[in-house]
**Student:** 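Structure incoming, see below.
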Amino acid sequence: MEIVAGITLKSLGPQVWDPVSPYYLPDLKAVMVSYADFHQWPAQRRRSMEQGIHASLGIPKRVKVYLDNGAFYFSARDEQVPIGDYEEFVEKACPDWQPIPRDFIPAPNMTLVEQRWCLNRTMRVNRNYQHNGYVPVAHIGRVLRDYVTRIKGHEQLSAKKAIALGGIVPNLLRAPKALSHKEILDSLKQFRCDFAGKKIHVFGIGGTATIHIARLLRMDSVDSSGWRNRAARGIIQLPGSGERTIAELGSWRGRTLNRMEQNILRQCLCPACQSEGLRGLKATGVGGFRNRATHNLWTLLEEVKWVEGHLAAGTYCEAYKEHLDNTIYRPLIDYLLTPARERR
Ligand SMILES: [Zn+2]
């Protein structure tokens, strides 16, 4: 499974894709940047259309650049998505992957009627952008089955090689009226079966535990901006789902490191810890942010390797019990590992 690291034009550092950067992560194969960023920085938008998105951001071609349509940004501001600008950008800047220009994201606490409204609007865009490599989008929720039926019933859309899926984290974690976890996981398993052979990308996964879930569901790629967001708040990710506050920044307070966790970090092989150790992770300012962000992304990449290594060796079912600490996602992983005949 490919980890797609969310980046922002506001600050491209740490340049984890750059072999000469002290933060270089050779296992990173893809990044994602939002079109909303290019919308806000017209000069960068122009440069990317002139030079191509890779060259303009200094990202080598072997690292794929995924583009996000920025739907969340535009809808949160009640702004119209500049669809024509997005199309022009895609055509000239040549990202490796791009979704349809606009999708209508349902909130988990929406009524069925409201979720259907989002479905109808998103499906209209899916149909209108069946050409030029645009990836159709579906949303997790009570109408996911309808997405499947409509996409499969459409000749061109059903022939697409890739599909994107949004809404996994809010539905699994936050929303009070969300579906039960079992319903969501069952619908995701079914979605994977319905689109067997297609590359499924899951938008906006959170930390390490959700990576286990996405991998067990056999998704092909997931994106996360958590490595940067957490770093900015002084938080570092530990292997096996834990996150801890290491730098006291602003008013944010979270769980801090105990002695055992400090020892785990002292053995970390990421480039930031190798060069500056715990002191570097605790530092304030840009340097501290870059160290924590690099460490967090490295931990995500290692987590996928850990999961895939154990799945390949047939040892995952036992090993994850020790590896994952007290995460709220643990029962979901248990459920995914339970054979269908034993489920109630
Ligand atoms: Zn580290």
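Remember, predicted model here, so these are calculated numbers, not experimental data. Just follow the structure's listing: the first ligand is 1, and inside any ligand the first atom is 1. Residue numbers run from 1 in the order of the sequence given.
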**Student:** What protein N/O/S atoms lie closer than 2.8 Å to the Zn ion (ligand 1)?
**Tutor:** Cys268 SG, Cys270 SG, Cys273 SG, His295 ND1
**Student:** Just checking, is any N or O donor in the side chain of Asn126 or His154 under 3.5 Å from an acceptor N or O on the other one?
**Tutor:** no
**Student:** When you look at Asp220 and Arg192, which way does the salt bridge (Lys or Arg N to Asp or Glu O under 4.0 Å) test go after all the steps?
**Tutor:** CA-CA 10 Å; Asp220 296 287; Arg192 176 70 274 184; 3.0 Å; yes
**Student:** Between Tyr129 and Glu87, is any side-chain donor less than 3.5 angstrom from a side-chain acceptor?
**Tutor:** yes
**Student:** State whether the number of non-hydrogen atoms from other residues, nucleotides or ligands found under 6.0 Å of Phe72 atom CZ is greater than 12.
**Tutor:** no
**Student:** With a 4.0 Å cut-off, would you call Arg47 and Glu50 a salt bridge?
**Tutor:**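 Glu50 and Arg47: not salt-bridged.
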**Student:** If you measure from the Lys or Arg side-chain nitrogens to the Asp or Glu carboxylate oxygens, is any gap between Asp103 and Arg121 under 4.0 Å?
**Tutor:** no
